[in-house]
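Remarks on the structure that follows.
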Amino acid sequence: QVQVVESGGGLAQPGGSLRLACAASGFFTNDYAIGWFRQAPGKEREGVSCSSASDDSAYYADAIKGRFTISRDNAKNTVYLQMDNLKPEDTARYYCAANLMRRRCSATIITHEYAYWGQGTQVDVSS
C-alpha cells in the first residue's frame, strides 16, 4: 500500500525553525523526485521545494529560497524540509508527494505531475 506521512509541523515564532519529515511506504523515494507543497486557507496549493532522485539538484520557490532546505535520507525512505527564519506568511498545511513523471526536479513544480499525497502537517507561525 502506497502511503506518505508528513510530520514535524507545529507552532513556531517568527524567526524560528521547524523540520518537516515525509516518510514514504509502498514505494522508494529514490525512484522519484519528491516535492513539498503548502496550502494556506483560501489559497491554492503551491509547490515550495523539490528534491531530485537522479542527482543532488533541488528546486526552491522564491518565497522560501534561502530559508528552507530540502534533503533526503533514502535509507529511511524519508525526505525532510528544514524551515528556518520562519515568517507568518509561511503558515499553511504542508504536504509532500512523489513526481511519477520525473526523477529530476524541473525548473518549476507542476502539481499535476505529483501523486501519493499525504494528509499534511500544519505549520503555524505566530508570536
Side-chain angles (χ1 to χ4, degrees):
Q1 181 180 358
V2 172
Q3 188 177 21
V4 295
V5 178
E6 301 94 338
S7 61
L11 176 64
Q13 292 187 338
S17 298
L18 287 171
R19 188 192 193 203
L20 306 184
C22 168
S25 58
F27 70 97
F28 295 110
T29 55
N30 197 38
D31 287 339
Y32 305 105
I34 302 293
W36 278 99
F37 299 76
R38 67 185 182 187
Q39 187 167 20
K43 294 187 176 181
E44 291 188 357
R45 187 171 298 187
E46 63 172 341
V48 296
S49 187
C50 173
S51 169
S52 296
S54 58
D55 53 33
D56 292 333
S57 64
Y59 162 87
Y60 296 97
D62 288 342
I64 59 90
K65 196 173 293 182
R67 300 188 296 120
F68 292 9
T69 304
I70 195 169
S71 63
R72 55 170 68 214
D73 185 337
N74 289 323
K76 295 183 178 180
N77 224 30
T78 301
V79 177
Y80 302 95
L81 187 67
Q82 176 68 41
M83 306 189 298
D84 298 318
N85 191 21
L86 284 162
K87 302 178 180 181
E89 51 264 41
D90 295 320
T91 293
R93 194 161 188 87
Y94 285 71
Y95 302 84
C96 67
N99 190 320
L100 302 189
M101 299 178 64
R102 301 174 190 273
R103 298 189 72 236
R104 191 175 192 275
C105 300
S106 57
T108 60
I109 291 183
I110 303 172
T111 303
H112 72 251
E113 293 184 346
Y114 288 78
Y116 306 158
W117 295 92
Q119 294 300 307
T121 184
Q122 181 67 32
V123 172
D124 293 298
V125 184
S126 174
S127 55

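Side-chain atoms are counted along with the backbone in the values below, which use heavy atoms only and exclude waters and symmetry mates.
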> What closest approach, in Å, do Y114 and A33 show between heavy atoms, and which atom pair accounts for it?
Replying inline: CE2-O, 4.3 Å
>> Can you pull out every disulfide bond (SG atoms under 2.5 Å apart) where at least one residue sits in residues 64-101? Sequence neighbours excluded, please.
In response: C22-C96
> Which residues pass the ring pair (Phe, Tyr, Trp, His ring centres under 6.0 Å) test with Y32, sequence neighbours left out?
Replying inline: F27
> For Q13, what residues pass the side chain to side chain donor-acceptor pair (under 3.5 Å) criterion, not counting sequence neighbours?
Replying inline: none
> Does one hydrophobic cluster hold both V2 and F28, with members joined at side-chain heavy-atom distances below 4.5 Å?
Replying inline: no
> S51: what forms a side chain to side chain donor-acceptor pair (under 3.5 Å) with it, not counting sequence neighbours?
Replying inline: R72
> Nearest heavy-atom pair of C50 and I70: which atoms, and what distance?
Replying inline: C-CD1, 3.7 Å
> Does the pair K65/D62 count as a salt bridge with the N-to-O cut at 4.0 Å?
Replying inline: yes
> Do R38 and E46 touch side chain to side chain, with heavy atoms closer than 4.5 Å?
Replying inline: yes
>> To the closest 0.5 Å, what do you measure between CG (D124) and CG (D90)?
In response: 11.0 Å
> Given W36 and F68, is the side chain to side chain contact (heavy atoms under 4.5 Å, CB included) satisfied, shown in steps?
Replying inline: CA-CA 11 Å; W36 278 99; F68 292 9; over 6 Å; no
>> Would you say S57 and D55 are linked by a side-chain donor-acceptor pair, where the criterion is simply a distance under 3.5 Å?
In response: yes
> Looking only at heavy atoms, which two atoms of L86 and A12 are closest? And how far apart?
Replying inline: CD1-CB, 3.8 Å
> Which residues pass the ring pair (Phe, Tyr, Trp, His ring centres under 6.0 Å) test with Y80, sequence neighbours left out?
Replying inline: none
>> My understanding is that only residues two or more places apart in sequence, or in another chain, count here; which of them pass salt bridge (charged side-chain N to carboxylate O under 4.0 Å, His left out) with R103?
In response: none
> Would you say F37 and V48 are hydrophobically clustered, going by side-chain heavy atoms of ILVMFWY under 4.5 Å?
Replying inline: no
>> Checking K76 now: which residues fulfil salt bridge (charged side-chain N to carboxylate O under 4.0 Å, His left out) with it, not counting sequence neighbours?
In response: none
> Quick one: ring pair (Phe, Tyr, Trp, His ring centres under 6.0 Å) partners of Y94, sequence neighbours excluded?
Replying inline: none
> What pairs with Q3 under side chain to side chain donor-acceptor pair (under 3.5 Å), at least two apart in sequence or on another chain?
Replying inline: none
> Who are the salt bridge (charged side-chain N to carboxylate O under 4.0 Å, His left out) partners of R19, not counting sequence neighbours?
Replying inline: none
> Is Y116 reachable from I34 through a run of I, L, V, M, F, W or Y residues, each pair having side-chain heavy atoms under 4.5 Å apart?
Replying inline: yes
>> Taking V79 as the starting point, is it possible to reach Y95 by hopping between hydrophobic residues whose side chains are less than 4.5 Å apart?
In response: no
> About how many Å separate CZ of R67 and OG1 of T69, when rounded to the nearest 0.5 Å?
Replying inline: 11.0 Å
> To the nearest 0.5 Å, what is the distance between OG1 (T111) and CZ (R45)?
Replying inline: 8.0 Å
> Will you find, in the side chains of S17 and D84, an N or O donor that is under 3.5 Å from an N or O acceptor?
Replying inline: yes
>> Which residues pass the side chain to side chain donor-acceptor pair (under 3.5 Å) test with N77, not counting sequence neighbours?
In response: T29
> What is the minimum heavy-atom distance between P14 and S127, and which atoms define it?
Replying inline: CD-N, 3.7 Å
> For Q122 and T91, what are the C-alpha separation, side-chain angles and deciding distance, and is it a side chain to side chain contact (heavy atoms under 4.5 Å, CB included)?
Replying inline: CA-CA 8 Å; Q122 181 67 32; T91 293; 4.3 Å; yes
>> Taking ring pair (Phe, Tyr, Trp, His ring centres under 6.0 Å) as the definition, give me every residue that meets it alongside Y60, ordered by chain and number, with sequence neighbours left out.
In response: none
> Taking all atoms of both residues into account, what is the closest heavy-atom pair of R104 and S54, and its distance?
Replying inline: CB-OG, 3.2 Å
>> When you measure from the side chain of S49 to the backbone of Y59, do you find a donor-acceptor pair of N or O atoms at a distance under 3.5 Å?
In response: yes
> Side chains of R102 and I110: closer than 4.5 Å at any heavy-atom pair?
Replying inline: yes
> For the hydrophobic clusters of this structure (ILVMFWY residues joined by side-chain heavy atoms under 4.5 Å, transitively), does one cluster hold both I64 and L20?
Replying inline: yes
> Taking all atoms of both residues into account, what is the closest heavy-atom pair of G120 and R93, and its distance?
Replying inline: O-NH2, 3.1 Å
